Amino acid sequence: MSQPAIDERLLEGLNPRQREAVLYRGPSLLIVAGAGSGKTSVLTRRIASLLASGEASPLQILAITFTNKAANEMRERVQHLVGRATDGMWISTFHSACVRILRRQAEVMGMKAGFTIYDSADSRALIKRIVKELDADTLNLTPGIVAGKISKQKNELVDVETYARNLNTDDPAEVAFLEIYRRYTAGLRRANALDFDDLIAETVHLFRAFPEVAALYQRRFRHVLVDEYQDTNHAQYALIRELTRPIKPQHVPDDTRTLTAPDGSLPGASLTVVGDSDQSIYAFRGADIRNIVEFERDYPNTKTVLLEQNYRSTQNILDAANAVISNNFDRLEKNLFTTVGAGHPIIGYTGYSGHDEAQFVADEISALHSAGTPYREIAVFYRTNSQTRPLEDVFIRSGLPYKIIGGTKFYERAEIKDVMAYLIQVANPADDLALRRILNTPKRGIGPATEAALQAHADKMGVALRDALGDAAQLELGPKVTRAILDLGELLDEAEAQHLAGGKAADILLTLLSGSGYLEALRATRDPQDEARIENVEELLSVTKEFAKNNPDAGLLEFLTEVALVAAADEIDDDSGSISLMTLHTAKGLEYDAVFLTGVEEDLLPHRISSGEPGGLAEERRLFYVGITRAKKRLFLSLSMQRSSFGDTSVAMPSRYLQEIPAGLIDWRQSPGDATSRGGTRPRALNARGYAGGPARGFSYSTELPPAPPRVKREWASEITGKVRDNGDLTLAEGDRIRHTDFGDGRVVAVTGVGTKSIAEVQFDTAGKKRLLIKIAPIEKL
DNA sequence: ATGTTGATACTTTTT
DNA sequence: GTATCAACAT
């Protein structure tokens, strides 16, 4: 014990297992951390204790987290714990860490440091061109399938040559795929670009091909810690493997004092991984559960610590979670427990429609909020992004503040991609894809024919498309078009000079915007949506300014890297004061006082596609488990009797996972229409055989449970009206009587907010109390 | 070269 | 229901 005083403060409030996980010292440590068992706390204190005791300097630590947000939080907490700066410590995601290494080592691997990071859409666009060139979709090789296959190969570290070596040449589809893979790889290289999967795979290849480069990082990072280890894929596994390898004597510098092995080599870095195989939900992107299951085999002499005490949820919530996950066989048995007591029962609700279900969620949220739960402590989860529609619809009408995390992101909007393409092209002139996007945006009269002429010229000269711009005069195009091309080339040159002189992203963006007339072109149109687009571009401009403020030393490349690697969960603003809506996948690692798990239906959870895949049902169950265990105090499970999926509606059945939760834990509330008309008190889902007793094996809803046809439809909110109503300047005051198309008559009990945002709280005669946004609610004053 | 129309196919989850 | 795409008209 070097400094017991400091250690004691670091261990404050930890249970014996957690202490052990913080204090253990050895080559490898596996922390099996159940949901809510305080693993982040353990990880941060472990790092803090390494620093505080002097065992490690910040420079020697590499910690990998799942999101950038988690990385920032961990850095702050470590800083707070040790009470001094942690500069030079790497806490980041796999992808961010790899980009840092690759930008630094780009020349070694024959690339330029300004390489572009292609997102899935960019990869898709490139693949699409190649598939078209080869007419490969006739062989069932659509861009989507090809993208998935290439991603899979890269995650398995199978590069083009390796793939070619093991190819079955009798299969024409395989041969065609190889050619696509080959051209895709060549295309990326020509554009000085890497896709998401390359970031990891290329770093591994770099380390393997250049041991002296690998040794640089092996010497530096003496302590490697990896969070969410159950979701690592093979490439990530290999990366960690390379980083923690012993360093050969020839790569050990003479001045190193820590030589221990007799042969002069330096032992590998100490490795700590934290994970929970029950929360592995990324098999579809190559996550291999075996990485954690077989960790002890891979790293001999591993110490394993099991954390089972849960500090997050009530016992009722944990009982439900334990019951569900115990249906997965072949798993390490663990049972979460807590000391906080049973808590509230889980609330269940079956709606007539997705809209009805959303109304239930909104009503319960209003009630929770009135009772004191802040909006930021409430989250709504769903399996697929398309489920947000009815939720948004109802939330807007109810005046509830919400934020959709992930989904169609800001950076996926066309105008943002346009402007980003300008910046990318400046940072990486070899990127033809980016240039093609902006060639005629805004309109300059450069159509397909002109583009083809430029491309042909570039190909003939063996240069990038960008270099062809300056030769426009030789191409015998019209004088107007020629001028436009030369202007664009000069603008890009000007911005590039700015970039090379160390200019900030914000300043370069200003140059590009004013020089290209992008905003003017949007202002000139009459399309009402263009106003929003202008706002978005201006928003991007303020993002660049904000970035410059937070990162004084960072230039254009750093900005582009950050933007390329934002994860959905990074968008969460802790003090925004709004309800968070997100997919179950995005929810991993987060926690909320109250959680609404919606669409707990067959074909949605489990999703119809995954139920056919090997291991799919178990993975979907883990997803359900992840959702349940996010809840601290209140859990709401809801479903609908019918679900509209692209166009028409179809009958939905309760999820098979619902019957895995002991009946006594769920307090089922019916759809109100169901209760009055049918007279029964048992909600539909509970009428299913097997609910009252133990697990019902082989039970199928589709044959046993014909859906009750929804009656008295107009009495309950059911249809999305489609168009947004506008009540103009309708004003309401306390005491007014109103009529609502869905809820009937009611009396206004309170009015809050001003202008278009004013909200009326209405006590309906039959439908209870609701909050309505006055401007757009389907109401009239009586 | 560009704008409009109509047909089509796709939606699981994400760095 | 929407986003993308081909065909056609200006």
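Atom set for the values below is all heavy atoms of this structure, side chains included, hydrogens, waters and symmetry mates excluded. Note that this is a predicted model, so its numbers are computed, not measured. Every chain is numbered from 1 and lettered A, B, ... according to where its sequence line falls, protein lines coming before strand lines.
- What you find for A/Ala472 and A/Leu477 is that their closest heavy atoms are O-CD1, 4.5 Å.
- As a whole-Å value, the separation of A/Leu199 CG from B/dT15 P is 13 Å.
- Every residue was checked against the side chain to side chain donor-acceptor pair (under 3.5 Å) condition with A/Thr65, not counting sequence neighbours, and none meets it.
- Not a single salt bridge (Lys or Arg N to Asp or Glu O under 4.0 Å) links A/Asp197 to another residue, sequence neighbours left out.
- A/Asp122 has its CG atom 15 Å from the P atom of B/dT15, to the nearest Å.
- Every residue two or more places apart in sequence or in another chain that forms a side-chain contact (heavy atoms from CB on, under 4.5 Å) with A/Asp227 is listed here: A/Lys39, A/Leu43, A/Val274.
- Evaluation of the side chain to side chain donor-acceptor pair (under 3.5 Å) rule for A/Arg285 yields no partner, not counting sequence neighbours.
- Without hydrogens or angle criteria, A/Thr93 side chain to A/Asn68 main chain gives no donor-acceptor distance under 3.5 Å.
- In this entry the distance linking NZ of A/Lys152 with C1' of B/dT15 reads 19 Å, nearest Å.
- Mapping A/Phe196 and A/Ala449 onto DNA chain B by nearest heavy atom places A/Ala449 at the nucleotide closer to the 5' end.
- Annotation: side-chain contact (heavy atoms from CB on, under 4.5 Å) contacts of A/Thr142 (sequence neighbours excluded): A/Ile145.
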I'd like a table of atom pairs between the protein and nucleotides 11-13 of chain B - only N or O on both sides, under 3.5 Å - with the distance next to each one.
| from | atom 1 | to | atom 2 | distance (Å) |
| --- | --- | --- | --- | --- |
| B/dT12 | O4' | A/His607 | NE2 | 3.4 |
| B/dT12 | O2 | A/Arg383 | NH1 | 3.0 |
| B/dT12 | O2 | A/Arg383 | NH2 | 2.3 |
| B/dT12 | O4 | A/Glu613 | OE2 | 3.0 |
| B/dT13 | OP1 | A/Asn385 | N | 3.0 |
| B/dT13 | OP1 | A/Asn385 | ND2 | 3.1 |
| B/dT13 | O4' | A/Arg383 | NH2 | 3.2 |
| B/dT13 | O2 | A/Arg383 | NH2 | 2.6 |
| B/dT13 | O2 | A/His585 | NE2 | 3.4 |

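- Put simply, CD on A/Glu412 is 10 Å from P on B/dT14, counting in whole angstrom units.
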Anything under 3.5 Å between a protein N or O and an N or O of nucleotides 2-7 of chain C, put it in a table, one pair a line.
| from | atom 1 | to | atom 2 | distance (Å) |
| --- | --- | --- | --- | --- |
| C/dT2 | OP1 | A/Arg389 | NH2 | 2.9 |
| C/dC5 | OP1 | A/Lys128 | NZ | 2.2 |

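- Distance A/Leu584 CG to B/dT14 C1': 14 Å, rounded to the nearest Å.
- A/Lys443 meets the side-chain contact (heavy atoms from CB on, under 4.5 Å) test with A/Asn440; sequence neighbours excluded.
- Nucleic acid contact class of A/Thr67 (heavy atoms, under 4.0 Å, all strands): none.
- No contact: A/Ala564 has no heavy atom under 4.0 Å from any strand.
- We find that CD1 of A/Ile150 is positioned 21 Å from P of B/dT14, with the value rounded to whole Å.
- Nucleotides B/dT13 and C/dT4 have their C1' atoms positioned 23 Å apart, rounded to a whole Å.
- The distance from atom CD1 of A/Ile572 to atom P of B/dT14 is 13 Å, rounded to the nearest whole Å.
- With sequence neighbours excluded, no residue forms a salt bridge (Lys or Arg N to Asp or Glu O under 4.0 Å) with A/Glu202.
- Within 4.0 Å of A/Asn440, counting heavy atoms only, lie sugar-phosphate atoms of the nucleic acid but no base atom.
- In this view, A/Tyr592 satisfies the ring pair (Phe, Tyr, Trp, His ring centres under 6.0 Å) rule with no residue, not counting sequence neighbours.
- Remark: A/Ala564 pairs with A/Ile117 by the side-chain contact (heavy atoms from CB on, under 4.5 Å) rule, at least two apart or across chains.
- Counting to the nearest Å, the C1' atom of B/dA1 and the CD1 atom of A/Ile446 are 12 Å from each other.
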Report each atom pair, protein N/O against N/O of nucleotides 8-10 of chain C, whose distance is under 3.5 angstrom.
none

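- A/Phe596 and A/Tyr382 have their aromatic ring centers separated by at least 6.0 angstrom.
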